[in-house]
Amino acid sequence: MNVVFIVAGLMAIAGVLGVILAKQPVYQVISTVFSFLGLAALYLSLQSEFLAVIQLIVYGGAIMILFLFVIALLSARKDPVEKDVGQLTRPKLLGYSVGGALLVMLAIVGLFGHEGRLDWAQVPADFGQVKAFGYQLLTTNVFPFEVLAFILMVAVIGVMILVGRHRA
Amino acid sequence: MDIWMTLLMLVVKALVLAISVTLAVAVFLLFMRKVLGYFAYRVGPVKVGPWGVLQPIADVIKMLFKEDIIPVQADPLIYRLSPIIAFFCALGVWVVIPWAPRGSFWSSMSDPNAGVLVMLAIAAMGVYGVALGGWASQNKYGLLGSMRATAQMISYELAMAASLLGVILWTGSVSMFDIVDKQREVINLFPQFLGFLVFYTASLAEAAWTPFDLPEGETELVGGYHTDYGGMRFGLFYLTELTHAVNSAVLTTTFYLGGYNPWFGLTMIPGFVWFLIKVALLVFVLYWIKCTFPRFRYDRLMVFGWKVLLPVAALNLVGTAIYVALWA
């Protein structure tokens with residue numbers, strides 16, 4: 001399990017690094033998808049089968065394709081017109097400090113967060129599988145689930161209103 | 001030691017699977033050319049080998065020996081990568097297909113609990129091959145073609161998944177083996193007829209098969225995402241499309257025709273053979289469709305996907321849900 005964890009974690013980190021470092025937007029999209037693959041493998045190693053597959057279907061398959069769609073259409077040429085993007089220094093400094101703070105916080109959680117938590121063996125056998133996940137979603141957490149559905153519905157209706165008004 | 005043995009067996013199984021799928025696609029191609037020929041009062045390929053049997057192999061050899069050209073303006077890395085992604089994902093769908101009743105080593109590559117979802121996830125990733133292929137060749141026709149193909153595949157994937165929800169609800173499980181085993185008495189074709197219609201149509205569109213073959217509409221649309229591809233790279237895209245077509249037959253067999261379950265109580269024929277018989281039946285239907293229907297217009301295609309197939313799939317889902325909640 002540790003090997004899977006290390007490989008998948010490295011995949012995810014490499015993908016995210018690619019997003020930051022790659023020059024071309026399309027490469028950034030591909031790195032994002034790569035890191036999503038790593039994330040899905042991480043979920044699998046944590047016994048969350050359903051979450052892993054959904055990560056691939058929703059984020060890897062649907063959302064990133066839309067990103068790719070927009071980016072490929074907007075910057076259809078391989079070398080985009082605006083080339084000198086990386087010349088601002090102060091945002092860079094800000095970014096490093098915020099990133100550093102985040103890293104410290106994550107390190108604190110990672111190093112000391114496990115005290116008094118559940119151990120591996122205490123997770124039930126069907127944890128994270130479709131049936132158990134769905135049961136939890138529609139019994140224990142049905143209210144957040146419905147609220148989320150409502151929020152998504154509002155977003156869809158908002159888009160309909162915006163586009164419809166534009167066309168009329 | 002044990003884990004290495006398991007790993008080795010997995011690799012062997014994967015190799016056998018990949019090779020047999022590729023061979024199956026070659027057979028599919030040969031019969032496609034023969035049957036399409038007969039439909040058009042021609043004889044199809046006859047020159048290479050007896051009855052033209054070696055024609056697919058000859059095609060592959062020809063493609064392999066073509067000069068490997070990469071357009072100057074293309075993005076070399078993604079140009080090389082996208083056919084591989086596309087083919088890999090088309091092949092990946094076979095990982096979860098059950099060939100024979102549960103239990104035997106060869107009955108399927110793997111049996112994940114969320115089999116249908118894994119299948120959908122792999123199919124969803126396959127869109128990248130098409131989307132990136134058109135972009136990487138840095139050609140306006142290629143880009144437009146890939147946009148067209150991507151939009152089509154995403155839209156119909158939705159209808160496909162929505163129609164599968166009916167099957168999942170009917171079975172009460174997302175495992176492929178459970179879905180096939182549920183059809184021992186009655187195949188899903190009858191209780192899920194609406195869902196079957198939607199699924200079959202959507203799987204044709206996923207495969208860019210005939211009424212939906214705009215991605216390869218050469219005469220009026222200048223091909224599509226593979227316009228700038230040549231040699232074996234084009235061959236890989238072509239192979240991907242054929243694999244998708246075979247996938248359509250295989251998935252329809254698994255979800256709606258009962259997979260390896262025997263029909264008419266003929267249990268002396270082994271399950272694997274029944275599986276092949278059903279797939280062959282559907283493959284013939286594919287050829288039949290290919291030489292019968294004309295191509296959709298693009299806007300009609302989108303309207304059909306979103307305003308006809310998706311509502312029908314939703315209707316099927318609601319009907320199934322009501323039935324399962326009240327009587328099952």
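In what follows, every chain begins at residue 1, and chains take the letters A, B, ... in the order their sequences are listed. Atoms considered below: every heavy atom in the structure, side chains included; atoms not considered: hydrogens, waters and symmetry mates. None of these values were measured; they are calculated from a predicted model.
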OH/A:Tyr27: more than 12 non-hydrogen atoms of other groups inside 6.0 Å: yes
Looking at chain A, which one of B:Leu81, B:Leu144, B:Leu132, B:Ile154 has the largest number of heavy-atom pairs inside 4.5 Å, strictly under? B:Leu132
Carboxylate-amine/guanidinium proximity below 4.0 Å for B:Arg102 and B:Asp178: yes
Without swapping roles, check the side chain of B:Lys13 against the backbone of B:Ser110 for a donor-acceptor pair under 3.5 Å. no
Looking only at atom types and distance, does a side-chain atom of A:Gln28 sit under 3.5 Å from a main-chain N or O of A:Val19, one as donor and one as acceptor? yes
Is it the backbone or the side chain of A:Phe50 that comes under 4.5 Å from a heavy atom of chain B, or both, or neither? side chain
Name the region of A:Val58, side chain, backbone, both or neither, that has any atom closer than 4.5 Å to a heavy atom of chain B. neither
Take the angle between the ring planes of B:Tyr229 and B:Tyr79 and call it parallel below 30°, perpendicular above 60°, tilted in between. parallel
What option among A:Val29, A:Ile65, A:Val53 has the most heavy-atom pairs under 4.5 Å with chain B? A:Ile65
Tell me, side chain or backbone of B:Ala151 under 4.5 Å from chain A's heavy atoms, or both, or neither? both
Go through the atoms of B:Val174 and report whether side chain, backbone, both or neither lie under 4.5 Å from a heavy atom of chain A. side chain
